[in-house]
Amino acid sequence: MTLRIYNTQSRKKEEFHPQEEGKVGIYVCGITAYDFCHVGHARSAVVFDVITRYLRYSGSDVTYVKNFTDVDDKIIDKAGREQKGIAEIAELYIREHDEDMGKLGVVRPTFTPRATEHIDGMIHLVTTLLEKGLAYPMDGDVYYSVERFPGYGKLSGRNIEEMQAGARVDVNDKKRNPFDFALWKASKEGEPWWESPWGRGRPWWHLECSVMSQRYLGDTFDIHGGGEDLIFPHHENEIAQSEGATGKTLARYWVHNGFVRVNNEKMSKSLGNFFTIRDILEQFDPEVLRFFLLQSHYRSPVDFSDAALSEARQGMNRFYSTLKALKDIAAGGTAIAAEPAAKDGEMTAQIQALRERFVESMDDDFNTARAIGHLFDAVRFINTALAEKKPGVSPGILLEGKKALLEIGSVLGFFLEEPDTYLRRDRDREAAKRGLSIAEIERLIAERRAARAAKAWQRADEIRKELAGQGVLLQDASDITTWAIA
RNA sequence: GGCGGCAUAGCCAAGUGGCUAAGGCAGCGGUCUGCAAAACCGUUAUUCCCCGGUUCAAGUCCGGGUGCCGCCUCCA
């Protein structure tokens, strides 16, 4: 089975063959560092994290580059408002970004270059474009001439004439064509600047990605990714810059993730309907957010809500409960090499099938939703075996099942915690959300324990009911009563 | 106005023309339990927005509606 990836440019799923067997180069457009990251940024990060993890799981040597835009109008504005330097603002939000991503279990990209580290390369690229007649200087600015690049519009499926009919572009009389875009702009008073052949100025947004991708991955690389809002104009312009300069294909596969929505609208800064990652992580475990995001296919929109996260939380608890049960088997001192049991063969086949189905799902354009479905199937057959009074599956085989769950989980970035730690933290967090006192819950449990010992069932049930009314569910085991939040 | 996407059960969601339309959440019935919870078993879409068409066969392909969303300005 071969990996197939949906390529935005062809609008089709294509078989994936890297330019060099066993090696994959990925470039993903990162954030502009001027504020905290929101759930939309989390989705992009998690999606490409899983893509990277899966390619590595499949045996590829992946070089993953994700940039930071650290010079930009928004950063300058923010710096002005807060009376800080732009470097200070960028540095702060890059650090916050890294912290959020770390919590989400996003593996650090191989390289995380920043725009300002590559000014020389940008000046060089602009020079090349000028030499090739693809760009023109104008009052200290330099613009790209889209009409001079024949492929302009090939990624987003547009052409210049059609777009002009709709004409919703800002009028700028410095441009020869309204769709020409700035490569470099003269800096105004108070703005950061670098010396250039066109005077003191600063690079414009699209330029950095062309330079940094080439620097780390070469003229042509395998996968270029980002949110679907970057298709036009950002990625279209990157193609114009890079391919205009090198004459070579920039990226062989274009991969774009869908949006996170809130009440059916795109989550975005400008609409103000965003939730920051850190806000959400105060309410839910990072793995819950991750699970929520991966439960839908990466190209579909996902609707974000508290209810949706709560459902995701329930799903994640199901996984962790099974993992805990499996761990308890191992901890129970049961000999791993117990004699074969009747259903060992069946279980072994199921585990094998799980691995195969996982690969099959992921090979189909990274279908994490389907992969998760298979994971739940696995949980059910493991739970079935665990529930049997007379064990039909030997512990050693069950632990093979656990191994498979953890292995697949690691590709999706799940099950990174110890089950006990995860479940306790989840429980305590939910209790805190409801304003419940853990000490009080435990006091009532102790009282009920005494009542039960005395076979005072009525009092025991009263306590159960009282706690249930607050969302606290008691679970009586033979020797201990544990509790959970509904 | 131009370009593109989506519409599957109460909710979320997968579905690569052909076995009984994954899976999760929620609900209901049962097993287990002193009673519960968890877990397990069963159950919840004769049908995939509507109307036509292609085909032996369509949720899946084609055409036309309707509704929603996105990009075309910064945006993951």
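Below, chains carry the letters A, B, ... as their sequence lines are ordered, and counting in each starts from 1. What you see is a predicted model; the values in this text were computed from it and never measured.
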With A/Asn257, which residues qualify under side chain to side chain donor-acceptor pair (under 3.5 Å), at least two apart?
-> A/Ser44
side-chain contact (heavy atoms from CB on, under 4.5 Å) involving A/Ala325 - partner list, sequence neighbours excluded = A/Leu386
C1' gap between B/G15 and B/U20, integer Å = 15 Å
Using 4.0 Å as the upper bound for N to carboxylate O, is an ion pair formed by A/Arg380 and A/Asp377?
-> yes
Across the strands shown, which category fits A/Ser310 at heavy-atom distances under 4.0 angstrom: base, sugar-phosphate, nothing?
-> nothing
What is the distance from CG of A/Asp365 to C1' of B/A14, rounded to the nearest Å?
-> 13 Å
List in chain and number order the residues that pass side-chain contact (heavy atoms from CB on, under 4.5 Å) with A/Arg449, two or more places apart in sequence or in another chain; answer none if no residue qualifies.
-> none
With sugar-phosphate meaning primed atoms plus P, OP1 and OP2, does A/Val28 contact a base, only sugar-phosphate, or nothing at under 4.0 Å between heavy atoms?
-> nothing
Near RNA chain B, under 4.0 Å by heavy atom, which residues of residues 227-235 of chain A?
-> A/Gly227, A/Asp229, A/Leu230, A/Phe232
How long is the line joining CD1 of A/Ile160 and P of B/C72, in whole Å?
-> 17 Å
When you check the gap from the basic side-chain N to the acidic O, do A/Lys78 and A/Asp72 get nearer than 4.0 Å?
-> no
Which part of the nucleic acid, if any, lies within contact of A/Gly225, taking any heavy atom under 4.0 Å across all strands shown: a base, the sugar-phosphate backbone alone, or nothing?
-> nothing
Mark yes when over 12 heavy atoms from residues, nucleotides or ligands other than A/Arg429 sit less than 6.0 Å from its CZ; otherwise mark no.
-> yes
Touch class at under 4.0 angstrom, heavy-atom based, for A/Gly157 against every strand present = sugar-phosphate
Could you tell me the separation between the NZ atom of A/Lys465 and the C1' atom of B/G34, rounded to a whole number of Å?
-> 17 Å
Checking N1-N3 plus N6-O4 or O6-N4 for Watson-Crick, or N1-O2 and O6-N3 for wobble, each under 3.5 Å, the partner of B/C61 is B/G53
Which of these nucleotides, B/C74, B/C69, B/G23, is closest to any side-chain atom of A/Gln295?
-> B/G23
Complementary nucleotide for B/C32 - Watson-Crick or wobble, under 3.5 Å | none
Rounding to the closest angstrom, what is the interatomic distance between B/C49 and B/U8 at atom C1'?
-> 10 Å
Paired with B/A9: which nucleotide, if any, by Watson-Crick or G-U wobble criteria at under 3.5 Å for both distances?
-> none
Cation over ring face, A/Lys175 and A/Tyr143, 6.0 Å, 45° = no
Rounded to whole Å, CG of A/Leu444 lies from P of B/A37 at a distance of 19 Å
With rounding to whole Å, what would you report as the distance between B/G27 and B/U60 at their P atoms?
-> 33 Å
Can you figure out which of B/A36, B/C68, B/A76 approaches the side chain of A/Asn264 most closely?
-> B/C68
Who pairs with B/C3 - Watson-Crick or G-U, where each distance is under 3.5 Å = B/G70
For the side chain of A/Asp476, starting at C-beta, report the closest nucleotide among B/A76, B/C35, B/G23.
-> B/C35
Does atom CD1 of A/Ile480 have more than 12 heavy-atom neighbours from other groups under 6.0 Å away?
-> no
So what does A/Lys266 touch, heavy atoms closer than 4.0 Å: a base, only the sugar-phosphate, or nothing?
-> base
Euclidean distance for P, B/A26 against B/U16 (whole angstrom) = 28 Å
Taking atom CZ of A/Arg424 as the centre, report whether more than 12 heavy atoms of other residues, nucleotides or ligands fall under 6.0 Å from it.
-> no
Check: B/G1 base within 3.5 Å donor-acceptor of A/Arg158 side chain = no
For B/A76 and B/G70, measure between their C1' atoms and round to the nearest Å.
-> 14 Å
Nucleotide B/A76, atom P - distance to NE2 of A/His97 in whole Å | 10 Å
Anything under 30° is parallel, anything over 60° is perpendicular, the rest tilted; go ahead and classify A/Trp254 against A/His256.
-> parallel
B/C12 to B/C74 separation - P atoms, rounded to the nearest Å = 33 Å
What class does the angle between the rings of A/Phe319 and A/Phe376 fall in, given that below 30° is parallel, 30 to 60° is tilted and above 60° is perpendicular?
-> parallel
Classify the side chain of A/Asp303 and the base of B/C12 as holding, or not holding, a donor-acceptor pair under 3.5 Å.
-> no
From the candidates B/C71, B/G23, B/G34, the one with an atom nearest any side-chain atom of A/Phe259 is B/C71
Of the listed nucleotides B/C35, B/A14, B/A76, the one nearest the side chain of A/His297 | B/A14
Taking the side chain as every heavy atom from C-beta outward, state whether A/Leu289 and A/Leu309 have any pair of such atoms under 4.5 Å apart.
-> yes
Would you indicate what A/Lys455 reaches in the nucleic acid, counting non-hydrogen atoms under 4.0 angstrom: base, sugar-phosphate, or nothing?
-> nothing
If you restrict it to nitrogen or oxygen atoms, what contacts under 3.5 Å exist between nucleotides 38-41 of chain B and the protein, and what is each distance?
residue : atom : partner  : partner atom : Å
B/A39   : O3'  : A/Asn383 : ND2          : 3.2
B/C40   : OP1  : A/Arg318 : NH2          : 3.2
B/C40   : OP1  : A/Asn383 : ND2          : 3.3
B/C40   : OP2  : A/Arg318 : NH1          : 3.3
B/C40   : O3'  : A/Thr384 : OG1          : 3.3

What integer number of Å spans the C1' atoms of B/U73 and B/G65?
-> 32 Å
Looking at every strand, decide which applies to A/Arg459 at a 4.0 Å heavy-atom threshold: base, sugar-phosphate, or nothing.
-> nothing
Hey, what's the ring geometry for A/Phe304 with A/Phe275, parallel, tilted or perpendicular (30° and 60° as the breaks)?
-> tilted
Note: for A/His206 and A/Asp461 on RNA chain B, the residue whose nearest nucleotide lies more 5' is A/Asp461
May I ask you to say what A/Ser156 touches in the nucleic acid, namely base, sugar-phosphate or nothing, with a heavy-atom cut-off under 4.0 Å?
-> sugar-phosphate
Within a radius of less than 6.0 Å around CZ of A/Arg355, do more than 12 heavy atoms belonging to other residues, nucleotides or ligands occur?
-> yes
Quick one, which residues of residues 367-378 of chain A touch RNA chain B with a heavy atom under 4.0 Å?
-> A/Asn367, A/Ala369, A/Arg370, A/Gly373, A/Phe376, A/Asp377
With the side chain defined as heavy atoms from C-beta on, A/Arg11 is closest, among B/G4, B/A76, B/A14, to B/G4
Donor-acceptor pair under 3.5 Å, A/Arg464 side chain vs B/A36 base | yes
Identified pairing partner of B/U43, criterion: Watson-Crick or G-U wobble below 3.5 Å = B/G27
B/C6 P sits how many Å from A/Tyr298 OH, rounded?
-> 13 Å
Nearest-angstrom distance from the residue atom CD of A/Gln314 to P of B/A13 | 18 Å
What is the distance, rounded to the nearest whole Å, between atom CG of A/Leu423 and atom P of B/A37?
-> 19 Å
Determine, using ring centers only, whether A/Tyr144 and A/His206 are less than 6.0 Å apart.
-> no
B/U44 to B/A9 separation - C1' atoms, rounded to the nearest Å = 8 Å
Please state whether the rings of A/Tyr27 and A/Phe221 are parallel, tilted or perpendicular, taking 30° and 60° as the class boundaries.
-> tilted
